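Below: the structure, in structure tokens.
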Amino acid sequence: MNKKRYFGAAVLVLGTGAALAAAAIPAAPTTASPEPVPGIIREAESYATADPIAEKGMQEAIRRCLAKAGFDYTPPSSELSLDLNGAIGFKRLTVDAAKASGYAGTGPHGAREPVPESADGKLFADPAFNDALTGPNGAATTTTVEGLGTSSGGCRGEAMTRIYGNAENYMLATGIAYNSFFPASLSASGDSGIAGAVKDWASCMEETPYSSYANPQQAADAGRAAGGQEEFRIAVTDAVCRDKTGFHAALDNVLDKYLTTRMQELAPQIEKVKEIRRTAAANAAAFGDAATK
């Protein structure tokens, strides 16, 4: 078979969000810790983010495997990161970011279905490519861990085994870790501290031309709908009020209470995932070194 050359973003190839099916979020609420660890939100968000060296190794392993099957394709790198403020409905927004790009950084992220007539659309419509990527048609393997599933056959499965040891390890170190804190964020969203932060923000906005918005999400939705310079005006006004009222700091303080509890619950799994990631990063580095020899 002649090699076919493909580049660009792809769905269901690489990365936690792109490759994993929706998680079944545990229904049990997370209780607020009476002794929250200040700033533990940063540790939680870091844990939720896959190791970049290991993910680069996955990317390269899939690329080489597909090349052997006759496809010259470079998968996109995984850039999934967790904003726990966003998980409760208010993605972070700074004044500088608002001035530079309005609400561009607060919109939805993640993989999208490729346009059918695009290069990627044609690629994923090719049965031979999909067979190579996830396994022969009708026999593609799926691995499920804690209610979260991903395709783990073909080149994807080969890459998972080479870098992470097996598909279960890959799931734990990527999708499972990413979804670990949603029970805490769901519980935090009902905390009175969130309502207080929103109230303070709204009081600030009452002194501006945009006093009708009840919360930052309404402002963001209105800004994106308006577009153009009006989006920038709304975004900057919104961001200034967030800054003046310490909006995101207040949300962080609330989240710290619930994340302290959740981190304690997850302690054994966190240690296991850290070891998986250390090994995966070493495997990825060795895999890259071997290619240069």
Side-chain angles (χ1 to χ4, degrees), residues 17 25 29-49 80-110 178-263:
I25 306 244
T30 300
T31 58
S33 171
E35 298 181 356
V37 176
I40 201 169
I41 184 174
R42 305 293 176 229
E43 185 178 346
E45 289 177 339
S46 176
Y47 172 71
T49 303
L80 192 68
S81 60
L82 182 62
D83 172 4
L84 282 162
N85 277 215
I88 58 176
F90 307 111
K91 289 189 176 181
R92 294 181 188 275
L93 179 69
T94 65
V95 175
D96 287 345
K99 289 179 178 179
S101 56
Y103 285 111
T106 65
H109 295 283
Y178 182 83
N179 282 280
S180 292
F181 300 109
F182 287 113
S185 64
L186 285 171
S187 295
S189 66
D191 191 283
S192 61
I194 303 297
V198 171
K199 182 179 179 180
D200 290 344
W201 175 90
S203 295
C204 174
M205 291 291 283
E206 287 178 359
E207 305 301 318
T208 78
Y210 305 107
S211 59
S212 63
Y213 305 133
N215 57 61
Q217 186 59 55
Q218 285 190 9
D221 290 344
R224 282 192 288 268
Q229 290 304 307
E230 182 65 3
E231 175 184 343
F232 281 81
R233 284 189 286 268
I234 295 172
V236 171
T237 304
D238 171 9
V240 167
C241 277
R242 295 192 200 201
D243 187 56
K244 283 184 177 179
T245 62
F247 180 77
H248 288 295
L251 266 57
D252 287 353
N253 289 338
V254 170
L255 281 160
D256 281 343
K257 296 188 296 183
Y258 297 88
L259 291 170
T260 296
T261 300
R262 187 64 178 149
M263 291 285 278

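Heavy-atom basis, side chains included; hydrogens, waters and symmetry copies ignored. Quick caveat: nothing in here was measured; it's all calculated off a predicted structure.
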Pairwise side-chain contact, I234 with Y103, heavy-atom cut-off 4.5 Å (strictly under): yes
Euclidean distance, L93 CG relative to C241 SG, rounded to 0.5 Å: 11.5 Å
Separation between CG of L82 and OG of S180, rounded to the nearest 0.5 Å: 9.5 Å
Atom of A32, atom of T261 and distance for their closest heavy-atom approach: C-OG1, 3.9 Å
Interatomic distance, C204 atom SG to K244 atom NZ [nearest 0.5 angstrom]: 5.0 Å
Test item: W201 and P216 side chains (from C-beta on) under 4.5 Å apart, heavy atoms: yes
Donor-acceptor under 3.5 Å (S101 side chain, A104 main chain): no
side-chain hydrogen bond (donor to acceptor under 3.5 Å, both in side chains) partners of residues 202-216, not counting sequence neighbours, each pair once: Y210-E230
Atom pair CD (E35) and OG1 (T260), whose distance is rounded to the nearest 0.5 Å: 9.5 Å
Note, D256 side chain near V37 side chain (heavy atom, < 4.5 Å): no
Partner residues of F90 under the ring-ring contact (aromatic ring centres under 6.0 Å, His included) criterion, sequence neighbours left out: F247
Heavy-atom pair with the smallest gap, counting every atom of A98 and A239: CB-CB, 3.9 Å
With V240, the side-chain contact (heavy atoms from CB on, under 4.5 Å) member among V236, D243, D238: V236
Sole candidate of E45, K91, H248 that passes side chain to side chain donor-acceptor pair (under 3.5 Å) when paired with N85: H248
Residue pair A97 / T94: nearest heavy atoms and the distance that separates them: N-OG1, 3.1 Å
Under 3.5 Å: donor-acceptor pair, side chain of S185, backbone of F182: yes
A197 to L251 - nearest heavy-atom pair and separation: CB-CD1, 3.7 Å
For D252, salt bridge (charged side-chain N to carboxylate O under 4.0 Å, His left out) partners two or more places apart: R42, R92
F181 CZ to N179 CG distance, which is reported to the nearest 0.5 Å: 10.5 Å
Shortest non-hydrogen contact from L259 toward A184: CD2-CB, 3.9 Å
For the student: nearest non-hydrogen atoms of A188 and L255, plus distance: CB-CD2, 3.8 Å
S81 side-chain N/O to T49 backbone N/O, donor-acceptor pair under 3.5 Å: no
